[in-house]
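For reference, the structure discussed in these notes is given below.
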Amino acid sequence: MKMQTRKLLSSVTFILIACLLLTACAEKQLEELIEQQDEETTETAEELVQPEEPVVALPGLPEDVAGYTQWLKLNADPIPPAPGGDPHNGTKNVYVNKTREDIAPNGEQQFPYPDGSIVVKEANRPGKDYVGLIAIMRKKAGVDPNHNDWEFIEYVRNAPDAEFSVIAKDGVCWGCHARVEDIDYVFTELD
């Protein structure tokens, strides 16, 4: 009987030691997991605390076009100056404040553009390394039914740190853009 009691005590002692070891390992793993989560939370909190750079319009341009280069770009490659010149003389890129899904829901561009669309064409004048021209089209319901409710305005500047100023509006632009009335007055289609 003493032998059985010793074996039983030995087994119980072994089980208790094993439980203590497992508990110690589990506690250590739990501490490591909590420490790791704390580090991730701290990193996430630091990311949230850092303020984003405010998006501001180029000097002289309206605020509704601030950050336009982050919008959907219609052309895949920069558009070179037209042979013989063009009113937006320079190498151009064209952006719209809509998503690809908004203007090409089935992969093919739909016309007309939705109300609230803003199209921005920027141009670097020949021999210049800065944007010297900004042409903006704004689609506003009821503003000009004869021209699919587009407002047109064009700005220029002569130096990279200069303020843009208006050089043309609406009527000056309509004659040229009427040639592409079938694609809602916008020359550049989505690539």
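Because only heavy atoms are used, hydrogens play no part in the values below, and waters and symmetry mates are left out as well, while side chains stay in.
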Any side-chain heavy-atom pair from [X] and [Y] closer than 4.5 angstrom?
{"X": "Asp86", "Y": "Lys92", "result": "yes"}
{"X": "Val186", "Y": "Val180", "result": "no"}
{"X": "Ile118", "Y": "Ile136", "result": "yes"}
{"X": "Asp170", "Y": "Glu151", "result": "yes"}
{"X": "Arg100", "Y": "Leu190", "result": "yes"}
{"X": "Val120", "Y": "Met137", "result": "no"}
{"X": "Ile153", "Y": "Ile134", "result": "no"}
{"X": "Asp64", "Y": "Arg138", "result": "yes"}

Is there a donor-acceptor contact under 3.5 Å linking the side chains of [X] and [Y]?
{"X": "Gln70", "Y": "Tyr95", "answer": "no"}
{"X": "Asn124", "Y": "Asp129", "answer": "no"}
{"X": "Asp184", "Y": "Asn148", "answer": "yes"}

Within a radius of less than 6.0 Å around NZ of Lys73, do more than 12 heavy atoms belonging to other residues, nucleotides or ligands occur?
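Check passes, neighbour count above 12.
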
Go through Leu58 and Phe164 one step at a time and tell me if the side chain to side chain contact (heavy atoms under 4.5 Å, CB included) criterion holds.
CA-CA 8 Å; Leu58 293 170; Phe164 281 92; 3.8 Å; yes

In this structure, is the centre-to-centre distance between the rings of Trp174 and Tyr185 below 6.0 Å?
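Not under 6.0 Å, so no.
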
